[in-house]
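Only one structure is covered here, and it is reproduced in the block below.
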Protein chains: 2
Amino acid sequence: MPSVIREPFAAIQVGYLGPSGTYSEETALRLCEKTVCELKPYTTIDSVIRAVATGEITEGIVPIENSIEGSVNITLDVLAHDVELVIVSEFVLPIRHALLTKGGEKKIDCIISHPQPLAQCRNYIARHYPKARLEAVESTAKAAQLVAEGAPGLAAIGSLRAAEIHGLTMIDNDIQDCNNNRTRFILLKQKTSQAIEEQGQYKTSIVCKMNGERPGSLCELLLEFSRRDVNLSKIESRPARTSLGEYIFFFDIEGGIHEAHVRQAIQAVRERSLWLKNLGSYPCFVL
Amino acid sequence: MPSVIREPFAAIQVGYLGPSGTYSEETALRLCEKTVCELKPYTTIDSVIRAVATGEITEGIVPIENSIEGSVNITLDVLAHDVELVIVSEFVLPIRHALLTKGGEKKIDCIISHPQPLAQCRNYIARHYPKARLEAVESTAKAAQLVAEGAPGLAAIGSLRAAEIHGLTMIDNDIQDCNNNRTRFILLKQKTSQAIEEQGQYKTSIVCKMNGERPGSLCELLLEFSRRDVNLSKIESRPARTSLGEYIFFFDIEGGIHEAHVRQAIQAVRERSLWLKNLGSYPCFVL
């Protein structure tokens, strides 16, 4: 009988914003429940994306939007300007922030977290700790670590998992200003011929620079979608980096590139644009 | 002869993001060249805006947009959701970032600045100091102070004025990724009957939540502007904070509310909105 020679399994390496205890790690762990993969932490969102682009890792998970704080600008900017990657999936994670101290003390002089959780708990902090100094660090996990290693009077905003990892005590939970706090994460890969299973809910993301700054340019562009009954779930402008007042536009389109009306709308928008980048069609999962 | 009794001059108190050496202070100082005013530093953008709202200060200067980094989200969010203030002027300041160390040393382990300058010099840092740790603090002036007080190996990104104040040495100047780096600052006041001199270049800012999420809603709204030849200099979406995927829209309109076509367009947009807030008509100055 002929023997079948198999290639040894090359583990999929997935990068995320570390260290242990970040919401990005939580999302990455959930992803790995379904696939065999090796997780690799990075210190910035930027470095996760660039590591996928150079081939150092196979895939990267990065946050792209939060329901309170809005888009994660660094993710949008690097995808638009600096790399050629595609989004292969989207994951929506409910975010619950906790206030964590060493030993449960409630006298707090300084609150440490990533800038987004600090912003997302702005009203809570103003109400309960109006005099506390705020310190922004690169991740919620780093904040928990600093509190664990630091003097009394420090508190971190982070997840219960971060509390567990660093031995902190939760003194208040669900402190985010808005209880509908969710973050969209995207899984990025290098461009390949993308296999789309023609079922399920797909989204397509594009970014373009409009041709023309006259009134109505954006409107004409939007009409290319609406006249084909193509729904947009998001429109976002970012600086074009050419001059103050010049923008590029990100569109999230409901539907995949395998659907004719989506493909035609994108083609029409491309014709009205100076440049257009297709960031991929991908399925969406709520965690 | 009857004597004329005058009220003693109440000095105008202008709040800004301090401490000394920030770009906000630079803008505030330029403003005070023209008016007698007393400058008052605050530690966050949020607290400047809220101090104007409570009447603690007469006016506040805050950044609202940078040509590379985009909108300053905290400014937009507080104006939309938390206070009732108007914009009375806009100032555009060219931003030039310098890399500053104590005594001019060039071995740098850690670069400290406000998150926006760190982002604006992302490519420079990746090219020249790929291994440096980045630390985000609340202002460029604070970063300069930390470097002045800290161990060797620290560098700050800030202005030449910050270097001067804290006795640092500039080791590289104009390190921003894009040489068209400008920041728009706005001067905020409490709502009063606003006197508009009917001359010069005015802008009007509004924020609204559209009535209807169907395709074409935004387009119909944009048509209210374009069919009246009202030009938009900016469109920006921010989370509505109600649910992921719901947004409010900020529009910067060319022209003042004293112009009939602007007034009519805003009225028409108001009728298509769940709510609309007029943030004021104001002149623009390039510093």
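A, B, ... follow the sequence lines: proteins, then strands. Residue 1 opens every chain.
For a residue to count as touching a neighbouring chain, one of its non-hydrogen atoms must lie under 4.5 Å from one of that chain's; by this rule A/C178 touches chain B with the side chain only. Residue A/A119: no heavy atom, backbone or side chain, is found under 4.5 Å from chain B. A/D252 does not touch chain B: none of its heavy atoms, backbone or side chain, sits under 4.5 Å away. Contacts between A/N66 and chain B at a heavy-atom distance below 4.5 Å involve the backbone alone (N, CA, C, O). Contacts of B/D46 with chain A are made by side-chain atoms alone, with heavy-atom separations under 4.5 Å and no backbone atom involved. Looking at B/S233, only its backbone comes within 4.5 Å of chain A, counting heavy atoms on both sides. Only the side chain of A/R122 has a heavy atom closer than 4.5 Å to any heavy atom of chain B. In this structure, chain A has no heavy atom under 4.5 Å from any part of B/L221. Interface residue A/T242: only backbone heavy atoms are found under 4.5 Å from chain B.
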Notebook entry, point to check: Given A/E236 and B/Y247, is the side chain to side chain contact (heavy atoms under 4.5 Å, CB included) satisfied, shown in steps?
Noted result: CA-CA 10 Å; A/E236 170 93 31; B/Y247 303 94; 5.5 Å; no

Check: Taking it one step at a time, do A/D77 and B/E69 satisfy side chain to side chain contact (heavy atoms under 4.5 Å, CB included)?
Finding: CA-CA 9 Å; A/D77 291 350; B/E69 225 4 62; 4.2 Å; yes

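Between chain B and the options A/E65, A/R50, A/R133, heavy-atom pairs under 4.5 Å are most frequent for A/E65. Heavy-atom pairs under 4.5 Å with chain B were tallied for A/N73, A/V137, A/I74; the largest tally goes to A/I74.
To the nearest 0.5 Å, the span separating CG on A/L218 from CG on B/L232 amounts to 8.5 Å.
Checked options B/N181, B/N180, B/I68, B/D177; the residue passing with A/R241 is B/I68 (criterion: side-chain contact (heavy atoms from CB on, under 4.5 Å)).
What you find for A/L222 and B/L222 is that their closest heavy atoms are CD1-CD1, 3.6 Å. Annotation for B/R238 and A/G70: closest pair NH1-CA, 3.8 Å, computed over non-hydrogen atoms. Annotation for A/S237 and B/I235: closest pair OG-O, 2.7 Å, computed over non-hydrogen atoms. Here the closest non-hydrogen pair linking B/S67 and A/P239 is O-CB, 3.0 Å.
For B/R227, the CZ atom is densely surrounded, since the number of other residues' heavy atoms within 6.0 Å is greater than 12.
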